[in-house]
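Just the heavy atoms: all of them, side chains too, but no hydrogens, waters or symmetry mates, feed the values below.
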Amino acid sequence: QPFRLQGIHTPPPVFTRTIEASSKAEETRLDQALRYLELEDPSVHVSVDPLTGSRLIGGMGELHLDVIDHRLKNHYKVDAEMGPVRVTFRSTLSREVHGICEHRFRGSASTQAEVTSVTLQLTPLEEPHLPSICSLADSLRDALSPELAQALRDGAEDAFHGCGSYGLPLDGVHVRIVDASVSSESSASATVLTGINKLLQKEDPLFLEPMMSLEIVIPEQYQNAVVGDLTRRDGHVDDMKHMPNGLDVLLVAQAPLRSMLGYSTQLRSLTQGSASFSMELDQYAEASGSSIQEVVKMIRGF
């Protein structure tokens with residue numbers, strides 16, 4: 001009997017690094033190598049920063065990105081440099097916003113300039129970590145061709161991948177396109193993308209940061225030191241269990257990823273190399289209070 005194997009689930013990357021070829025001649029080889037890496041490893045994600053245009057490579061952790069760097073240089077023989085590790089933040093809205101957004105396309109020698117417009121309504125979803133969605137008003141959907149309607153949705157999807165003042169992916173927002181005056185698919189997508197950007201740039205964004213679930217196994221004598229270190233990292237312990245050997249303790253905890261860079265080195269230092277831990281993404285949660293300044297600094301890089 002035929003059967004189907006279950007696919008591999010890979011969570012979205014929470015660590016990214018910029019990567020740049022050493023010269024124009026190396027860019028083609030770098031792009032080809034990155035395509036091969038994505039095919040070989042489904043947890044590798046390659047994208048482009050919407051603000052700077054830099055290539056970004058995302059992975060599951062600091063060591064994972066180090067391995068990718070090593071493979072690019074030693075297996076694919078690509079001369080490229082990776083930037084420092086960056087945490088992947090996201091953004092959302094705190095209140096409903098709406099507006100009419102116009103976009104002017106310059107004409108060429110044979111064509112006239114074109115002015116397009118869309119009326120947008122952006123509403124926060126109940127859960128900020130849910131994926132953003134786009135819909136068209138019934139009257140607009142009936143008036144447009146399927147191709148133009150899809151182009152409007154595509155413009156919103158492009159905005160969901162990176163928009164606003166910080167160029168962050170947008171979560172937890174319902175974009176409703178109420179009206180549109182567009183004549184081509186390219187102008188439809190560009191007008192929606194530009195309109196969402198303009199509306200978001202007028203608002204104070206809410207930053208969403210990755211919260212990690214941790215399981216830490218330590219000898220009992222180091223428990224207070226490890227718990228104290230987690231507290232200083234804005235983390236908290238949810239559960240504590242004794243292991244079957246009677247000597248070790250299992251700590252189940254949560255902490256923001258921004259404070260966990262280099263944690264394995266610190267944990268080895270606190271426990272004289274006798275601890276082990278695992279960490280995976282739990283959810284994106286709103287950054288608040290004193291952590292907002294730290295998040296902004298990490299996004300800007302200064």
Side-chain angles (χ1 to χ4, degrees), residues 10-92 131-132 154-171 186 189-190 192-194 196-198 200-201 205 207-210 256-262 281 284 287 292-302:
T10 56
V14 289
F15 287 99
T16 60
R17 293 173 70 176
T18 58
I19 182 166
E20 295 295 337
S22 60
S23 65
K24 282 286 184 182
E26 284 291 296
E27 285 189 0
T28 301
R29 299 184 65 234
L30 173 61
D31 288 337
Q32 186 178 38
L34 291 175
R35 284 195 294 271
Y36 285 145
L37 283 173
E38 285 186 294
L39 289 172
E40 294 170 2
D41 185 349
S43 63
V44 174
H45 292 256
V46 179
S47 60
V48 176
D49 189 310
L51 289 182
T52 64
S54 302
R55 292 180 186 83
L56 296 176
I57 185 162
M60 294 295 101
E62 296 171 89
L63 180 59
H64 187 203
L65 291 174
D66 287 341
V67 170
I68 293 170
D69 188 25
H70 183 270
R71 292 205 66 204
L72 282 171
K73 292 176 178 175
N74 293 278
H75 180 74
Y76 291 103
K77 307 299 182 184
V78 175
D79 188 5
E81 290 298 324
M82 276 195 179
V85 174
R86 294 163 47 174
V87 175
T88 303
F89 296 99
R90 307 180 82 86
S91 64
T92 189
S132 293
D154 290 343
E157 289 292 335
D158 289 342
F160 297 159
H161 290 114
C163 57
S165 302
Y166 296 93
L168 298 176
L170 183 67
D171 280 355
S186 59
S189 297
V192 172
L193 174 60
T194 303
I196 294 174
N197 256 315
K198 287 180 177 178
L200 291 176
Q201 286 170 2
F207 298 112
L208 301 176
E209 61 174 338
L257 181 60
R258 61 178 160 79
S259 65
M260 299 304 291
L261 298 177
L281 177 66
Y284 274 83
I292 292 179
Q293 276 190 326
E294 186 179 350
V295 169
V296 171
K297 184 177 179 181
M298 293 182 75
I299 293 170
R300 288 176 170 170
F302 58 88

As an exercise, state the distance from [atom1] of [X] to [atom2] of [Y], rounded to the nearest 0.5 Å.
| X | Y | atom1 | atom2 | value |
| --- | --- | --- | --- | --- |
| F15 | L261 | CZ | CG | 5.5 Å |
| T88 | E209 | OG1 | CD | 12.5 Å |
| L200 | C163 | CG | SG | 4.5 Å |
| H75 | I68 | NE2 | CD1 | 13.5 Å |
| S43 | L37 | OG | CG | 10.0 Å |

Might you point out which heavy atoms bring [X] and [Y] nearest each other, and give the distance in Å?
| X | Y | answer |
| --- | --- | --- |
| M60 | P13 | CE-CA, 3.6 Å |
| P210 | L281 | CB-CD1, 3.7 Å |
| G58 | T16 | CA-CG2, 3.9 Å |
| G59 | L65 | N-CD2, 3.7 Å |
| R29 | V78 | O-CG2, 3.9 Å |
| S91 | L208 | O-CD1, 4.1 Å |

Within-4.5 Å side-chain heavy-atom neighbours: [X] and [Y]:
| X | Y | value |
| --- | --- | --- |
| S22 | E81 | no |
| D31 | R55 | yes |
| T18 | R86 | yes |
| L72 | I19 | yes |
| Y76 | R71 | yes |
| L56 | V48 | no |
| P169 | F89 | no |

Got more than 12 heavy atoms from elsewhere within 6.0 Å of CD, Q293?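 12 or below, so no.
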State whether the number of non-hydrogen atoms from other residues, nucleotides or ligands found under 6.0 Å of H64 atom NE2 is greater than 12.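 More than 12 within 6.0 Å, yes.
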Keeping the roles fixed (side chain from [X], backbone from [Y]), state whether a donor-acceptor pair exists under 3.5 Å.
| X | Y | value |
| --- | --- | --- |
| N74 | H70 | yes |
| D171 | P131 | no |
| S132 | L170 | yes |
| E62 | V85 | no |
| R17 | I57 | no |
| E26 | D79 | yes |

Dump the intermediate steps for side-chain contact (heavy atoms from CB on, under 4.5 Å) on V14 and M260, then the final yes or no. CA-CA 12 Å; V14 289; M260 299 304 291; over 6 Å; no
Please evaluate residues R90 and L168 with respect to the criterion side-chain contact (heavy atoms from CB on, under 4.5 Å), reporting the C-alpha separation (whole Å), side-chain torsions for both, the decisive distance (0.1 Å), and the verdict. CA-CA 5 Å; R90 307 180 82 86; L168 298 176; 5.6 Å; no
Residues forming a ring-ring contact (aromatic ring centres under 6.0 Å, His included) with Y166, sequence neighbours excluded: F207
